[in-house]
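Working notes for the structure below.
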Amino acid sequence: MVEKKDFPKKENHHEIEETKKGDQELAREVKIKKLAQEGIELFPHNVKVTHSVFDVVSDFASLSSEDFEAKKVKVITPGRIVSIRRMGRATFFHIADSRTRLQAYIRENRVGKRNYAIFSLIDIGDIISVEGLLFKTKTGELTIFADSFTFLAKCLHPLPEKWHGLQDVELRYRKRYLDLIMSPKETEVFRLRSALITSIRKFFDQRGYIEVETPMMHAIPGGAIARPFKTFHNALGIELYLRIAPELYLKELIVGGLGKVYEINRSFRNEGLSSEHNPEFTMLEFYEAYSDYKDMMDLTEELINYLSLSLLKTEEITFGEHNISLKRPWKRIKFKEALARYSGLAPSRFDDKAGIIEFAAALVPDKTPLSYGKAMDVIFDKYVKPNLIQPTFVTNPPKEVSPLAKESRDNPDEAERFELIMGGMEIANAFSELADPAEQRKRFEQQAEERKKGDEESHMIDTDYIQALEYGLPPTGGEGIGIDRLVMVFANRKSIREVILFPLLRPKQKAEGSEE
RNA sequence: GGCCCGUUAGCUCAACUGGUAGAGCAACAGACUCUUAAUCUGUGGGUUGAAGGUUCGAGUCCUUCACGGGUCACCA
C-alpha cells in the first residue's frame, strides 16, 4: 500500500501547474530534444516576414487559381499552428493570427526529406513562419505551398480542444492568452474596445477638449461616493488612496482655465465584484466650462450615437434579449417620476419621507438606517434601473446623494444631475457642477456627518478642493461614463469580465496540507 | 458577505436510486501526396478540486475548506 507521504508535497496551485507534466508535455520535450540535436533554433531572435495571415487572406482570397499560376505570389507568413492533417508524405495545416486562419501545404518532395522529418516534430500550438507560393486547392481554399518553414516559438503545452475551444470560464479569465488563441471572437471584443476609446478621443479632440492625466494616488479620495483602496508612501510617510474618481482634479483644471478637459483612465473602488463591477474600472470623465447638465445630455447623446454609427454602423444595438435604439432624442424622465412609474407607488407617497424610508428599508433589511435620499436611491436601483433598457436620462435625483452637484433651479431638494441608464445599467452620471465654495463646504460637512454615523462611503472634507472653488469655478457641466459598461452594451456582453482582459480574480490559494 | 449551482484525462463532456471511472478531440505507434472537425488500425493517459466522515463499498451521501458561475446587498 502506498503511503500518503510518498506523493509529492503540494506547495500551491501555481507550483503544481508549473511542475506537473502530463504525457503530452513529455512528448513535446522529446521532440524539443530531437530538434536540438538537429540544430534547430526554437526561439530565434528575429524573423523575416512579408505578410500576416490577415494580410494574405484579405489581399489574395479573391484571386483565382489562374491568377496565382500567372503571378506566382510568394509570401513569408508567421502564425500559430492550430490544426494539422498529416497524410504520409504531405501535410495540410492551418496557421492563425488573432483574426483569421490560413491553410498551408507541405510536401516531402518539395522541402526535402530532412525538412519534412523536422516538420513531423511540429505540434499544434507552435509558432512558425511559412515561406512559399500561394495557390488554391481543388476545393478553393487559399493555401501556402511551403518551400520552407522556420520555428518562431515552441509551445510546450497542448492547446484546448479545437472544436469546442476553451469553455471553462475561470480558465478563460486566468489565462486570457489561451482564450485569445482559441477564440478569435473574443479578440473582436477587445478590438472593439480599443476602437471605441480611439473614437472617444477623436470626438473630444475635435471639439477642442484636451486630454489630461490627473493623479491616481490621492491624499483624500473624492469625486464619488465609494470606499477606497488604501496604500502607503514610504518616503513621505503618508497614507494615500487609489482614486475613486478623477473628478475634483479635473474641476481644478477648469478653475485653472483649461475650459474643456477629459481623462480616460482607471479608477478604483473597494467594493464587491459582480457582473457589472470590477474593482478597477475605466472611466471617461469630461468637463466643459460655460455649460450645464442639459448640455451634457446633448453631448452624451451625440457621443454615443456617433460611436455606434462609426464603429457598429448602426443605431440599433442588440443587447442580450433586447434591442436598444440609439436614435436621438433619448428619453428624459425625472427621478421622482421614474420612481413612481416603476415602483407602483403613488407620486404623493413620496412626500411621506418616513413612509418611503420604511418602504426602502424593507427592501434591504440588513442596512443601517437610511436617509430619505438614500431610501429613494434604493427604490430606484431595485425597481427603476432594471427596467430602463432604452437609453434614458434620469434627471434631478435627491440633492443629499449628490454632494458635488448644483441644486436644481426648480426644487431645492433635487440636484441638477442626471444618470444615463441603458440596458438596465448605469452608464453615465453628470451634473451641473457645484461652484459655490460655501455651499460645497456645507455639503462636505453633511457627508462627514454620515461618515461619523458609520457610512464609510461618504465624502471626506477636501479643503484643497474648496479652496480651488474659492478662486472661481465657472458654470460647468461634467460627466463620467463607465467605459467597461459601454463596451458591454456595444459588444453585447452581459458580464464586465468579458470586456476586461484581466478581470480581478481571487488568487488560487495554498492547497490544504501544504503548511509546514 | 448571504443563498443557489458547479469543479471527473491536456480540452469538451458522460457515468441511473451508492456497486469494475468512459467517449470525442488532443497525445503516442503505424498506413496514407488536395486534406479541412481528414480517414483507417492499434496504444497509453485519472490521488474524480482538497481534507475529513458515513458505508462491506463513495465521482455519487454528509461536514469543512478552496476556486468559479448565478443571484441579493454596496458602488460606475
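Since the structure is predicted, the reported quantities are computational estimates derived from the model, not experimental observations. The chains referred to below are lettered A, B, ... by the order of the sequence lines, with proteins before strands, and numbering in each begins at 1.
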Could you check A/Thr91 against A/Tyr116 for side-chain hydrogen bond (donor to acceptor under 3.5 Å, both in side chains), going step by step and ending with a plain yes or no? CA-CA 9 Å; A/Thr91 297; A/Tyr116 195 75; 2.7 Å; yes
Please check the phosphate of B/A38 (OP1 and OP2 only) for any side-chain N or O of A/Arg85 closer than 4.0 Å. yes
Just verifying a value: how many Å separate A/Tyr262 OH and A/Glu211 CD, rounded to the nearest 0.5 Å? 4.0 Å
What heavy-atom pair brings A/Leu504 and A/Pro279 nearest, and what distance separates the two atoms? CD2-CG, 3.5 Å
Round to a whole Å and report the spacing from NZ of A/Lys385 to C1' of B/A73. 12 Å
Whole-Å distance separating the CZ atom of A/Phe92 from the P atom of B/C34: 7 Å
Please confirm whether the shortest side-chain N or O distance from A/Arg497 to OP1 or OP2 of B/G68 is below 4.0 Å. no
So what does A/Gln103 hit on the nucleic acid, given a heavy-atom distance under 4.0 Å: a base, only sugar-phosphate, or nothing? base
Tell me, please, whether A/Phe145 has A/Arg107 positioned over its six-membered ring: NZ or CZ under 6.0 Å from the ring centre and within 45 degrees of its axis? no
Does A/Arg506 have a side-chain nitrogen or oxygen under 4.0 Å from the phosphate oxygens OP1 or OP2 of B/G68? yes
What does nucleotides 3-9 of chain B look like as a protein-contact string, B for base, S for sugar-phosphate only, - for none, at under 4.0 angstrom between heavy atoms? -------
For A/Ile122, side chain to side chain contact (heavy atoms under 4.5 Å, CB included) partners two or more places apart: A/Ile81, A/Ile84, A/Phe119, A/Asp126, A/Ile128, A/Phe149, A/Phe151
Base, sugar-phosphate, or nothing for A/Ile481, non-hydrogen atoms under 4.0 angstrom? nothing
Residues in salt bridge (charged side-chain N to carboxylate O under 4.0 Å, His left out) contact with A/Arg227, at least two apart in sequence or another chain: A/Glu456
To the nearest 0.5 Å, what is the distance between OH on A/Tyr105 and CZ on A/Phe92? 5.0 Å
For A/Lys385, all residues meeting side chain to side chain contact (heavy atoms under 4.5 Å, CB included), sequence neighbours excluded: A/Phe380, A/Asp381, A/Ile421, A/Glu426
P spacing across the pair B/G42 / B/U55, given as an integer number of angstrom: 46 Å
Within the sub-3.5 Å range, which N or O atoms of nucleotides 25-29 of chain B have a protein N or O partner, and how far apart are they?
residue	atom	partner	partner atom	Å
B/C25	O3'	A/Lys162	NZ	3.3
B/A26	OP1	A/Lys162	NZ	3.0
B/A26	O2'	A/Gln24	OE1	3.2
B/A26	N3	A/Gln24	NE2	2.8
B/A27	O4'	A/Gln24	OE1	3.1
B/C28	OP1	A/Lys31	NZ	2.5

Measure from the ring center of A/Tyr241 to the ring center of A/Phe229 and say whether it is less than 6.0 Å. no
Where at least one partner belongs to residues 77-101 of chain A, residue pairs that pass salt bridge (Lys or Arg N to Asp or Glu O under 4.0 Å), sequence neighbours excluded: A/Arg89-A/Glu108
In whole angstroms, how far is the C1' atom of B/A37 from the CE atom of A/Met182? 12 Å
RNA chain B: A/Arg174 or A/Pro160, which has the more 5' nearest nucleotide? A/Pro160
Does A/Arg89 place a side-chain N or O at less than 4.0 Å from the phosphate oxygens OP1/OP2 of B/C34? no
Measure the distance from CG on A/Leu166 to P on B/G10 and round it to the nearest whole Å. 14 Å
Please give the distance between the P atoms of B/C25 and B/U20 as a whole number of Å. 26 Å
For atom P, what is the distance between B/U48 and B/C61, given to the nearest Å? 16 Å
Which of residues 424-433 of chain A have a heavy atom under 4.0 Å from RNA chain B? A/Glu426
Establish, with yes or no, whether the OP1 or OP2 oxygen of B/A73 is under 4.0 angstrom from a side-chain nitrogen or oxygen of A/Lys382. yes
Is A/Phe93 touching bases, backbone alone, or none of the nucleic acid, heavy atoms closer than 4.0 Å? nothing
Mind checking if A/Asn270 touches a base, just sugar-phosphate, or nothing, with heavy atoms under 4.0 Å? nothing
So A/Tyr116, base contact, sugar-phosphate only, or nothing? Heavy-atom distance under 4.0 Å. nothing
Can you list everything that forms a side chain to side chain contact (heavy atoms under 4.5 Å, CB included) with A/Glu161? Sequence neighbours excluded, please. A/Trp163, A/His164
Using the salt bridge (Lys or Arg N to Asp or Glu O under 4.0 Å) rule, collect all pairs that involve residues 270-279 of chain A, keeping only residues at least two apart or in two chains. none
With pairs defined as Watson-Crick or G-U wobble and both distances under 3.5 angstrom, please note down RNA chain B as a dot-bracket string, | for pairing with another strand. (((((((..((((.....[..)))).(((((.......))))).....(((((..]....))))))))))))....
How is A/Met87 classified with respect to the nucleic acid when contacts are heavy atoms under 4.0 Å: base, sugar-phosphate, or nothing? base
Which part of the nucleic acid does A/Gly165 contact within heavy-atom distance under 4.0 Å: base, sugar-phosphate only, or nothing? sugar-phosphate
B/G1 and B/G10: how far apart are their P atoms, nearest whole angstrom? 30 Å
Note: for A/Gly272 and A/Lys136 on RNA chain B, the residue whose nearest nucleotide lies more 5' is A/Lys136
Compute the ring centroids of A/Tyr293 and A/Phe431, then answer whether they are less than 6.0 Å apart. no
Roughly, in whole Å, what's the span from CD1 in A/Ile106 to C1' in B/C34? 15 Å
With rounding to the nearest 0.5 angstrom, report the OG1 to CD distance, A/Thr395 to A/Glu414. 7.5 Å
Rounded to whole angstrom units, what separation is found between the CG atom of A/Asp126 and the P atom of B/G10? 20 Å
Are A/Lys71 and A/Phe60 in a cation-pi contact, defined as NZ or CZ under 6.0 Å from the six-membered ring centre and within 45° of the axis? no
A/Glu263: partners by salt bridge (charged side-chain N to carboxylate O under 4.0 Å, His left out), with sequence neighbours left out: A/Arg243
Any donor-acceptor pair under 3.5 Å joining the side chain of A/Glu141 to the base of B/U35? no
Residue set satisfying salt bridge (charged side-chain N to carboxylate O under 4.0 Å, His left out) with A/Glu29, at least two apart, ordered chain then number -> A/Lys21
Rounded to whole angstrom, note down the P distance from B/U35 over to B/G70. 44 Å
Within this structure, what is the CD-to-C1' distance between A/Glu498 and B/G69, rounded to whole angstrom? 11 Å
Does A/Gly482 reach a base, just sugar-phosphate, or nothing at all? Heavy atoms under 4.0 Å. nothing
What nucleic acid atoms does A/Asn278 come within less than 4.0 Å of, heavy atoms only: base, sugar-phosphate, or nothing? base
Between CG of A/Asp377 and P of B/A73 the distance, given in whole Å, is 13 Å
